[in-house]
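Input: a single structure, listed below in structure tokens.
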Amino acid sequence: MLDLAYIREHPEEVKQAMASLYVEAPIDAILELDVRRRSLLTQVEQLKQQRNQVSKEIGKTLAPHARHTPAESGVARQASAGVRDAAEREAKKAEMRSVGDQIESFDAQVRETETELNDLMLTVPNLPDPSVPVGKDETENIVTRVVGEPQTAKDFGFEPKPHWDLGTALGIIDFERGVKVSGTRFYMLIGAGARLQRALISFMLDVHIGQGYLEVYPPYLVKRETLIGTGQLPKFAENQYFDQVDDLWMIPTAEVPVTNMYAGEILDGAKLPINHVAYTACFRREQMSAGRDTRGIKRGHQFDKVEMVKFCTPETSMAELAKLIDNAEEIARLLKIPYRIIQMVTGDLSFSAAVKYDIEMWAPGCNEWLEVSSCSNFKDFQARRANIKFKRNTQRGARAEYVHTLNGSGLALPRVMIAVLENYQQADGSIAVPEVLKPYMGGLEVIR
RNA sequence: GGAGGGAUGGCCGAGUGGCUUAAGGCGACGGUCUUGAAAACCGUUGUAGCCCUAUGGGUUACCGGGGGUUCGAAUCCCUCUCCCUCCGCCA
């Protein structure tokens, strides 16, 4: 969520930013609601002040012993001065009743305006960082680096096969049975296939733990407000699986529970940056892209992922993003798989990101670059939604500020599996196990 | 799923309709004293919003969330959530 005060003070700048994202954002409607809300607040607060004051005066005119008898049964026995007081008191009460009615009506209008305003604010995407190149869509994204040599048939000395052929022949990926049990876009990993995925998970976690990330095992089902915190809701409800009875939602990424684990908290600035790594399954309906990437295990409704999440101070978040990318790259380097880094232009930024880089691994069988990681700096956008703050020190009067949040895949499993299978395939259709994975595979050298 | 008990500031903990502007304690911060420290003593203390003549002043809301009663609610009523104790069920 953007800072409302910032929109109020820099409306033209915000509108331009939205234009560079190729997004229609209701900035004018927000500004109008903001004016209306503040005007209503001023009026209702005056009325409340009046009521508070007069109510206190009413209390003072009551004799101390009478204060606890609401019916004022003793009125008849009081002297004439007391009776006059009582009459005056009743007049004031009647007056305050009418003030109360006005307050009620104003409060209702304030609530209505705030709900409307908040609903609109939740649909506005993050502002892009000034460093992000302006561009319309993914075709204009920038390849910033290529690491390693993408291998082709010439290098292999034979025609490299796609993973669906390799996996099926080896009996380590079973597409038919996955579909039988769960429907389209599901598959099963069998034997060395399942073990290879498990090896990759353990390997990645160990590498990231070594880089200083604290491992977290989070829930896979979360509340609606948790998905609002990271920005998946309300805009992208159609991409989520959820249980209607309990209003619990299946996580599309570990980012959701891990970022929100500090929701509503004020963190100790001395403890920042906080680095977490989590392995989870992820669930996505992907109905928007039905028909795309239908072959193989590239895009399924369920996949595993190791994810890194960072919480840091505003002034360090860009440097932390660079570290995050390097930490994710380390996996590709250790696996000795060629990869490249892509910078997203404004038009291809995700809803919550201010800056975003993708890591793509080369897959010689499918003959394409596979997106295995997205590393994003969300700045204070998610922190504002999830209300995650920090204090720089314990000094008196220290102000709580919003943290900056970042996350990046410490790689998405199915696509790394594809890259491993296709890059390490041999002429006979067997797969050499990458050196760094052998200890995790019980010393297995070749999958055949 | 059933029965009972709870939720108050950074923490502990009082508070059954109006001197509550939330007592008291702890902690934290500042000061006095001291060669320095401790102790003692004095003072300060949260969050969010709005308004103004704006290094300051005013005001509203916040005692788990939401609603209600009342001139007035931490306090009374309804409801929801979460936690604790016990029972049942369960990988």
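Order of the sequence lines fixes the chain letters, A, B, ..., with proteins taken first and strands second; residue numbering starts at 1 for each chain. These figures come from a predicted structure and were not determined experimentally.
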Using both distances under 3.5 Å as the test, list the Watson-Crick or G-U wobble partner of [N], or none.
N	value
B:A48	B:U60
B:G30	B:C42
B:C71	B:G18
B:G36	none
B:C86	B:G2

Taking atom [atom1] in both [N] and [M], what distance in whole Å separates the two?
N	M	atom1	value
B:U59	B:U75	P	24 Å
B:C63	B:U8	P	12 Å
B:C33	B:A40	C1'	9 Å
B:G49	B:C42	C1'	35 Å
B:A91	B:U81	C1'	27 Å
B:G17	B:G13	C1'	23 Å
B:U55	B:G6	P	50 Å
B:G31	B:A48	P	26 Å

Specify the separation, in whole Å, of atom [atom1] of [X] and atom [atom2] of [N].
X	N	atom1	atom2	answer
A:Q102	B:C71	CD	C1'	14 Å
A:Q50	B:U60	CD	P	12 Å
A:K93	B:G17	NZ	P	16 Å
A:I103	B:U70	CD1	P	14 Å

Using only side-chain N and O atoms of A:R97, determine if any of them is under 4.0 Å from OP1 or OP2 of B:C71.
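It does, given that an N or O in the side chain of A:R97 lies less than 4.0 Å from OP1 or OP2 of B:C71.
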Is the distance from OP1 or OP2 of B:U60 to the nearest side-chain N or O of A:N52 less than 4.0 Å?
yes
Touch check for A:K48, heavy atoms < 4.0 angstrom, all strands: base, sugar-phosphate only, or nothing?
sugar-phosphate
Would you check if there is a donor-acceptor pair between the side chains of [Y] and [X] at a distance under 3.5 Å?
X	Y	result
A:K305	A:T253	yes
A:T405	A:Q382	yes
A:Q43	A:S39	yes

Counting side-chain heavy atoms from CB outward, which of B:U60, B:G72, B:G18 is closest to A:Q49?
B:U60
Nucleotide nearest A:K56 (side chain, heavy atoms from C-beta), chosen from B:G67, B:U21, B:C71:
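Nearest to the side-chain atoms of A:K56, counting from C-beta on, is B:U21.
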Using a cutoff of under 3.5 Å, can you pull out all pairs of nitrogen or oxygen atoms linking the protein to nucleotides 48-54 of chain B, with atom names and distances?
| from | atom 1 | to | atom 2 | distance (Å) |
| --- | --- | --- | --- | --- |
| B:A48 | OP1 | A:K389 | NZ | 2.6 |
| B:G49 | O2' | A:R37 | NH2 | 2.8 |
| B:G49 | N2 | A:E45 | OE1 | 2.7 |
| B:G49 | N2 | A:E45 | OE2 | 2.5 |
| B:C50 | OP1 | A:R8 | NH2 | 3.1 |
| B:C51 | OP1 | A:R38 | NH1 | 3.2 |

Per-nucleotide protein contact string for nucleotides 74-82 of chain B, where B marks a base within reach and S marks sugar-phosphate only (heavy atoms under 4.0 Å, - for neither):
---------
Do A:D3 and A:Y402 pass the side-chain hydrogen bond (donor to acceptor under 3.5 Å, both in side chains) test, and can you show the C-alpha distance, the side-chain angles, and the key distance before you say yes or no?
CA-CA 11 Å; A:D3 180 2; A:Y402 288 108; over 6 Å; no
Among all residues two or more places apart in sequence or in another chain, which pass the ring-ring contact (aromatic ring centres under 6.0 Å, His included) test with A:Y279?
none
